[in-house]
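By convention here, the first residue in the shown sequence is residue 1.
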Amino acid sequence: MKKYDCVIIGAGNGGLAAAVKILLAGKSCLVCEKHNIPGGFATSFVRGRFEFEASLHELNGVGTKGQSGGTQRLFEELGVSDLIEWLQVKNAYRLISKEEGIDFILPFGIDNIIKACDTLCENGGLEAKKILDLSQLVYEAVAYISQSKGKPDPEVMKTKYYDYLAVSSYSVNEVFESLHTPEIIKNVLSAYWSYLGVHFDNMSFVHYANMTYSYYNVGATVPKYRSHEMSLAFEKRIHELGGDIFFNTEVKEILCDKNGHVSGVKLVNGNVIETKHVIANCSPHNVYSNMIDPKYIPERAIKLCNFRKFAGRGLTIFLGLNGSPEELGINEHSYFIYNSSDSVKMYNEMSNLHHHVGQATCCLNNVNPGCSPDGTTILYMTSLYFDDAWKDVTEKEYYKLKNEIASEFIDEFEKATGATLKGHIEEIAIATPITYARYCGHPQGTIYGYEGTYKDGLMARVMMVNEDAFIPGLRIGGAYGEREIGYPSAYTSGYNEARRTLNDMEKEEM
């Protein structure tokens with residue numbers, strides 16, 4: 001077998017971005033993927049006459065012409081941006097929250113958001129502006145810290161980014177409280193919490209601000225041909241740069257030499273591929289439990305895995321409807337339908353199989369009218385479980401239970417929006433945490449990696465990234481990395497781990 005400078009395990013978003021970065025540096029690279037297509041969650045599947053998006057609701061950070069976001073700049077650097085056709089989402093979301101009686105459409109654009117919030121309460125726009133201005137400063141501070149490679153000038157931080165230092169150790173709710181944010185403004189600016197995977201008593205304001213400011217400011221997009229369009233763009237780029245991708249190829253073991261440095265990977269078929277560097281685009285739980293001889297794993301690596309909590313386990317209902325969005329009464333792309341806008345209350349209740357308190361639902365046709373045949377609609381309903389709620393479900397109970405849950409979600413959407421779904425369902429597919437665990441090998445079916453609390457969130461992980469590289473030659477990227485959950489985060493994490501791997505190579509060559 002050919003020897004490679006770097007082997008990447010998994011052709012998910014992080015692994016694909018890492019491969020391109022390694023190849024751009026002139027190094028040889030192999031991606032090993034156990035599935036027969038690239039992308040991991042970034043793919044699609046067909047039922048009847050509908051092609052369903054597997055996971056992506058919308059992509060943050062692409063931006064618009066003349067206002068590129070961080071994701072677009074990364075894609076431009078990696079040479080894949082021109083291979084993807086982007087479609088712009090009109091509004092951020094429609095929030096329907098029963099407990100507070102909220103039914104509100106939040107637009108994109110900072111000025112537009114301020115105007116919209118001005119209709120909610122006295123000085124609502126001004127109160128929203130306080131949060132958005134602070135979020136902008138945090139966003140710029142995080143960018144500066146990243147550009148300085150984690151070594152920012154203390155004087156710059158104390159003068160230009162003073163407010164970042166003031167809020168960096170506080171939760172989202174603590175910042176809302178300190179700014180005396182009116183409850184209605186807090187509620188409408190909190191709807192995105194479920195996409196971030198942790199409630200606002202336990203989420204760092206830095207994480208919230210860094211993500212939502214970019215989202216609110218430059219808007220969201222979707223690739224015209226589903227997320228698999230991005231995966232195929234990366235695959236094409238890898239081949240253009242001389243890299244290899246082996247599909248239907250599962251890595252069984254990461255090998256180490258007598259000094260504990262990575263020396264290769266062993267495939268399920270018994271073949272060994274020599275390399276001194278591996279980037280694993282998969283769960284550290286899987287890597288340390290199943291893929292490395294325990295004698296090479298330091299105790300700290302096991303302790304860190306045990307300390308961390310798996311984030312939301314996914315449930316998604318895919319609907320192919322034989323009516324147009326207009327006919328069915330579906331007017332927006334993105335809906336948050338909650339029992340309450342209190343993220344703490346919602347989080348604590350989202351572990352019960354028989355009590356569903358919220359859904360994030362998207363209608364792809366309202367961004368991409370040609371995504372399904374004329375006169376039809378594609379709708380995705382997603383929710384999370386913040387516990388291993390499905391572990392005791394028997395095979396006999398499984399199909400009955402997931403169909404009952406889907407029926408409840410459909411009823412809830414119809415009641416909240418006035419739309420008509422039942423009677424128009426032509427195709428339905430239901431993915432539970434068991435589906436996600438089987439498809440991508442994620443422990444307990446988590447779709448969000450590790451929970452990003454303010455004690456173990458973005459900045460904490462960035463500060464400890466070198467200390468958390470436990471085995472020489474091994475880096476772990478993707479949703480389990482320092483950038484946490486989401487498509488842009490996974491791409492950035494893979495890119496960053498590739499950059500660190502290149503630095504490791506450079507040190508070894510000196």
Could you tell me whether [X] and [Y] make a salt bridge, using a distance below 4.0 angstrom between a side-chain N and a carboxylate O?
| X | Y | answer |
| --- | --- | --- |
| Arg308 | Asp456 | yes |
| Glu250 | Lys34 | no |
| Glu76 | Arg73 | no |
| Arg49 | Glu426 | yes |

Euclidean distance, [Y] [atom2] relative to [X] [atom1], rounded to 0.5 Å:
| X | Y | atom1 | atom2 | value |
| --- | --- | --- | --- | --- |
| Glu240 | Glu235 | CD | CD | 11.0 Å |
| Ile8 | Leu16 | CD1 | CG | 8.5 Å |
| Cys32 | Asn271 | SG | CG | 10.5 Å |
| Glu404 | Tyr399 | CD | OH | 15.0 Å |
| Leu502 | Cys6 | CG | SG | 8.0 Å |
| Met381 | Ile430 | CE | CD1 | 11.0 Å |

What residue pairs, at least two apart or across chains, pass ring pair (Phe, Tyr, Trp, His ring centres under 6.0 Å) with a residue in residues 262-281? His261-His277

For residues 474-510, the ring pair (Phe, Tyr, Trp, His ring centres under 6.0 Å) pairs (sequence neighbours left out) are Phe75-Tyr491, Phe234-Tyr491, His442-Tyr480, Tyr450-Tyr480

Does atom NZ of Lys236 have more than 12 heavy-atom neighbours from other groups under 6.0 Å away? no

Closest non-hydrogen atom pair between [X] and [Y], with its separation:
| X | Y | result |
| --- | --- | --- |
| Thr377 | Cys363 | CG2-SG, 3.7 Å |
| Ile471 | Cys256 | CG2-SG, 4.1 Å |
| Gly445 | Tyr436 | O-CB, 3.8 Å |
| Leu78 | Arg237 | O-NE, 2.9 Å |
| Thr221 | Gln88 | CG2-OE1, 3.3 Å |
| Glu51 | Ser44 | OE2-OG, 2.6 Å |

With no hydrogens and no angle check, just 3.5 Å: does a side-chain donor-acceptor pair link [X] and [Y]?
| X | Y | answer |
| --- | --- | --- |
| Tyr139 | Asn217 | no |
| Asn365 | Ser372 | yes |
| Asn503 | Arg500 | no |
| His57 | Thr382 | yes |
| Glu451 | Thr453 | no |

Could you tell me whether the side chain of Thr492 and the main chain of Ser489 form a donor-acceptor pair under 3.5 Å? no

Between Lys224 and Glu85, does a salt bridge (Lys or Arg N to Asp or Glu O under 4.0 Å) hold up when you go through it step by step? CA-CA 6 Å; Lys224 184 175 181 179; Glu85 186 175 349; 3.8 Å; yes

Do [X] and [Y] have side chains that get closer than 4.5 Å, going by heavy atoms?
| X | Y | answer |
| --- | --- | --- |
| Tyr385 | Leu315 | yes |
| Thr249 | Leu267 | yes |
| Val218 | Val62 | no |
| Ser55 | Ile447 | no |
| Ser81 | Gln72 | yes |
| Ile292 | Leu474 | yes |
| Ser407 | Lys422 | yes |
| Lys276 | Val262 | no |

Determine whether Tyr215 and Glu58 satisfy the following criterion, side chain to side chain donor-acceptor pair (under 3.5 Å), listing intermediate values before the conclusion. CA-CA 10 Å; Tyr215 174 69; Glu58 54 197 30; 2.7 Å; yes

Look at the aromatic rings of Phe52 and Phe50 and report parallel, tilted or perpendicular, splitting at 30° and 60°. parallel

Please verify the inter-ring angle class for Phe386 with Trp193; under 30° counts as parallel, over 60° as perpendicular, anything in between as tilted. parallel

Audit row: Trp390, Lys402, side-chain contact (heavy atoms from CB on, under 4.5 Å) steps and yes/no: CA-CA 10 Å; Trp390 287 74; Lys402 72 174 189 175; 4.1 Å; yes

Between Phe470 and Ile297, is a side-chain contact (heavy atoms from CB on, under 4.5 Å) present by the stated rule, with each step listed? CA-CA 7 Å; Phe470 300 109; Ile297 305 172; over 6 Å; no

State which residues pass side chain to side chain donor-acceptor pair (under 3.5 Å) with Asn281; sequence neighbours excluded, sorted by chain then number. none

Dump the intermediate steps for side-chain contact (heavy atoms from CB on, under 4.5 Å) on Ile273 and Tyr4, then the final yes or no. CA-CA 8 Å; Ile273 299 171; Tyr4 292 87; 3.7 Å; yes

Of all residues at least two apart in sequence or in a different chain, which pass the ring pair (Phe, Tyr, Trp, His ring centres under 6.0 Å) check with Tyr296? none

Who pairs with Tyr439 by ring pair (Phe, Tyr, Trp, His ring centres under 6.0 Å), at least two apart in sequence or on another chain? His35

side-chain contact (heavy atoms from CB on, under 4.5 Å) partner of Pro38, chosen from Leu232, Ile238, Ile245: Leu232

Begin from the C-alpha positions of Asn91 and Glu332 and carry the test side chain to side chain donor-acceptor pair (under 3.5 Å) through to its verdict. CA-CA 8 Å; Asn91 290 314; Glu332 294 295 326; 3.1 Å; yes

Tyr208/Tyr213 aromatic ring centres below 6.0 Å: no

For the aromatic rings, using the six-membered ring if either is Trp, is the centroid distance between Tyr335 and Tyr93 under 6.0 Å? no

Trace of the side-chain contact (heavy atoms from CB on, under 4.5 Å) decision for Ile37 with Ser231: CA-CA 9 Å; Ile37 54 175; Ser231 305; over 6 Å; no

Could you go through Ser227 and Glu53, starting from their C-alpha distance and side-chain angles, then the distance that decides it, and tell me whether this counts as side chain to side chain donor-acceptor pair (under 3.5 Å)? CA-CA 7 Å; Ser227 61; Glu53 164 61 51; 2.7 Å; yes

Tell me, with the steps shown, if Ser214 and Asn60 meet side chain to side chain donor-acceptor pair (under 3.5 Å). CA-CA 7 Å; Ser214 172; Asn60 168 51; 3.2 Å; yes

If you look only at pairs with a residue in residues 4-32, which of them pass as a salt bridge (charged side-chain N to carboxylate O under 4.0 Å, His left out), with sequence neighbours excluded? Lys21-Glu77, Lys27-Glu509

